[in-house]
Amino acid sequence: MTSSFHEMWEELRPLGRDSSSGGYRRYAWTGADADCRAWFRAQAEARGLSYELDRNGNQWAWLGATGYQDVAPGDAVVTGSHLDSVPDGGAYDGPLGVVSSFAALDELRSRGAEFGKPLAIVNFGDEEGARFGLACVGSRLAAGALTTEAAHQLRDGDGTTLPQAMERAGYDPEAIGPDPERLARIGAFVELHVEQGRALDLSGDAVGIASAIWPHGRWRFDFHGEANHAGTTRLDDRRDPMLSYAATVLAAREQARLAGALATFGKISVEPNGVNAIPSLVRGWLDSRAADQETLDTVITGIERAAAERAARDGVDLTVVRESFTPVVEFQHALRDELSAILGKTGERAVPVLGTGAGHDAGILSGTVPTAMLFVRNPTGVSHSPAEAADEDDCVAGVTALADVLEGLACH
Ligand code: GLV
Ligand code: MN
Ligand code: MN
């Protein structure tokens, strides 16, 4: 099993990697995405699994069925994650779950496991939302949490729409939409993921089980000012949106600190983007997350108020648009307890249960399907960065844990 994990990892490693930053740029419906998808399909076929591409561009590899139509409602056990990345992302966020799924299947086969239920491995499309601004597009569409009409309106930074990008990649954008029949076949979805914090490092455990995902969302702040000459416009005559934006970044930090929440402006675009011109427009994207909805609402209201006050002082017009939102996710207790029981059998002590501020396809599906997550220790906690890491021994421990879970769920 170690060798199957290692081999797959090495094969996937160069795909979509930028040679100067060392980070991954695997954005939805690009060439790098196509390479990752071809890799997935080849892994499925090499194992004699039935390959299926769903209406939303998610890839499925089935054991014990030729596709979801063969499966009785609630019968399938599904595992997997995503292969796309944030800009200059790390190697593990997403791919660890997909590679571990194939390696866990190899492990189960080498154990001689007999499957009583159909098993599927899935690669969800566009989990990070790096290109079109909305995370978990593949799972949201399937679950009906994103309508076909809204998805058709999504645009990347160059103005290319999602349908155009899908069409250029050879997919039919008219087919996208809710997939309730498919989801109804799933009795359990288990996503393994690299931890994106240091809880497991601190507790000294290689593997943990997820309890909940914080509510989180993305808001776009457009500050409209007036372009003018940087060398000749008196300070008092300026309508400078960069000032309003800068004050809003500081206010976001302050609101988050006071509430024990998180708020990040990680993306910005400036027009006309000239060194010697006062900007006409500064557009900043806020990502904010908190342990509960009320706290998140308080933080966002506070940031919006501070932004509006500062914009009024600067003579700047402000619009705020909520681009996406995911409510709190509490993973199903029954499945979580089942995982604890399965993994508790082999270890000397209970497997830790931990929450996270990171979003996942498992969170989106949790409203429709019983879902659970396994986390693998990240020694630095760094994620969404080329420095993201996990020890191979821990990855192998993750594969063993996933194999135990799948055996417990699908082989009795
Ligand atoms: C996805 O990784 C997110 O939490 O933004
Ligand atoms: Mn991520
Ligand atoms: Mn992820």
Side-chain angles (χ1 to χ4, degrees), residues 12 16 23-28 32-33 36 40 58-59 79-101 121-140 145-146 189-197 199 208 210 212-220 256 261-267 285-291 296 322-329 331 354-366 371-378 380-390 395 398 402:
L12 198 52
Y24 289 90
R25 298 180 183 177
R26 295 167 173 163
Y27 309 143
D33 189 41
C36 291
F40 181 95
N58 306 309
Q59 297 180 291
T79 185
S81 191
H82 62 97
L83 293 174
D84 68 314
S85 78
V86 295
D88 284 338
Y92 296 83
D93 176 357
L96 183 64
V98 178
V99 170
S100 297
S101 298
I121 297 173
V122 61
N123 167 32
F124 281 110
D126 200 2
E127 192 273 350
E128 297 287 7
R131 182 168 178 194
F132 296 101
L134 179 66
C136 300
V137 169
S139 57
R140 269 185 217 275
L146 170 67
F189 172 57
V190 181
E191 179 171 2
L192 178 146
H193 205 278
V194 68
E195 198 203 340
Q196 296 171 290
I213 300 180
W214 283 16
H216 56 281
R218 299 177 181 189
W219 289 261
R220 195 185 79 223
L262 299 167
T264 310
F265 277 96
K267 176 173 163 178
W285 281 264
L286 169 70
D287 175 309
S288 188
R289 311 178 188 218
L296 185 55
R322 189 178 85 173
E323 291 197 333
S324 73
F325 185 73
T326 309
V328 68
V329 170
F331 287 109
L354 46 136
T356 178
H360 300 285
D361 294 307
I364 302 297
L365 294 189
S366 68
T371 57
M373 290 190 75
L374 293 176
F375 290 130
V376 170
R377 173 164 50 197
N378 175 337
T380 61
V382 172
S383 188
H384 286 185
S385 148
E388 184 180 73
C395 296
L402 183 61

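Along the sequence shown, residues are numbered consecutively beginning with 1. Counting starts at 1 for both ligands and their atoms, following the listed order. Both backbone and side-chain heavy atoms feed into the values below; hydrogens, waters and symmetry mates do not.
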Determine, for Arg220 against Glu323, whether the closest basic-nitrogen to carboxylate-oxygen distance falls under 4.0 angstrom.
yes

Salt bridge Arg131-Asp126, side-chain N to carboxylate O under 4.0 Å:
no

For a quick test of reading the model, state the closest non-hydrogen atom pair linking Ala387 to Thr380 and the distance between them.
O-OG1, 4.3 Å

Find out whether Phe331 and Thr371 are in side-chain contact, i.e. whether some heavy atom of one side chain is under 4.5 Å from a heavy atom of the other.
yes

With a 4.5 Å cut-off on side-chain heavy atoms, are Ser101 and Val98 touching?
no

What atoms in ligand 1 come closer than 4.0 Å to a heavy atom of Ala358?
4 (O)

Going by the order shown, which atoms of ligand 1 are within less than 4.0 Å of some heavy atom of Gly359?
1 (C), 2 (O), 3 (C), 4 (O)

What residue and heavy atom of the protein are closest to atom 1 (C) of ligand 1, and at what distance?
Glu128 OE1, 3.3 Å

Return yes or no for this condition: an N or O of Asp287 is under 3.5 Å from an N or O of ligand 1.
no

Ignoring angles and geometry beyond distance, decide whether Gly357 reaches within less than 3.5 Å of ligand 1 through its nitrogen or oxygen atoms.
no

Nearest N/O/S atom of His82 with respect to the Mn ion (ligand 3), by atom name, please.
NE2

Is the distance from the Mn ion (ligand 2) to the nearest N/O/S atom of Glu127 under 2.8 Å?
no

Do any of the N/O/S atoms of Asp361, backbone or side chain, fall under 2.8 Å from the Mn ion (ligand 3)?
no

The Mn ion (ligand 3) reached by His360 (N, O or S, under 2.8 Å)
no

Location of contacts on His216 toward ligand 1, heavy atoms closer than 4.0 Å
neither

Look up atom CD in Gln196 and atom OG in Ser383, then write down how far apart they are to the nearest 0.5 Å.
3.5 Å

In sequence, state the C-alpha distance, the side-chain angles, and the governing distance for Asn123 and His82, and then conclude on side chain to side chain donor-acceptor pair (under 3.5 Å).
CA-CA 5 Å; Asn123 167 32; His82 62 97; over 6 Å; no

Taking just the N, O or S atoms of Asp93, which one is nearest to the Mn ion (ligand 2)?
OD2

Exactly one of Asp84, Asp33, Asp88 should register a salt bridge (Lys or Arg N to Asp or Glu O under 4.0 Å) with Arg25. Which one does?
Asp88

Can you tell me, to 10 degrees, how wide the angle at the Mn ion (ligand 2) is between OE2 on Glu128 and NE2 on His384?
110°

Heavy-atom contact check, 4.0 Å cutoff: does Arg289 meet ligand 1?
yes

Would you say His360 contacts ligand 1, with heavy atoms under 4.0 Å as the rule?
no

Report the relative orientation of the aromatic rings in His193 and Phe375; use parallel for angles under 30°, tilted for 30 to 60°, perpendicular for over 60°.
perpendicular

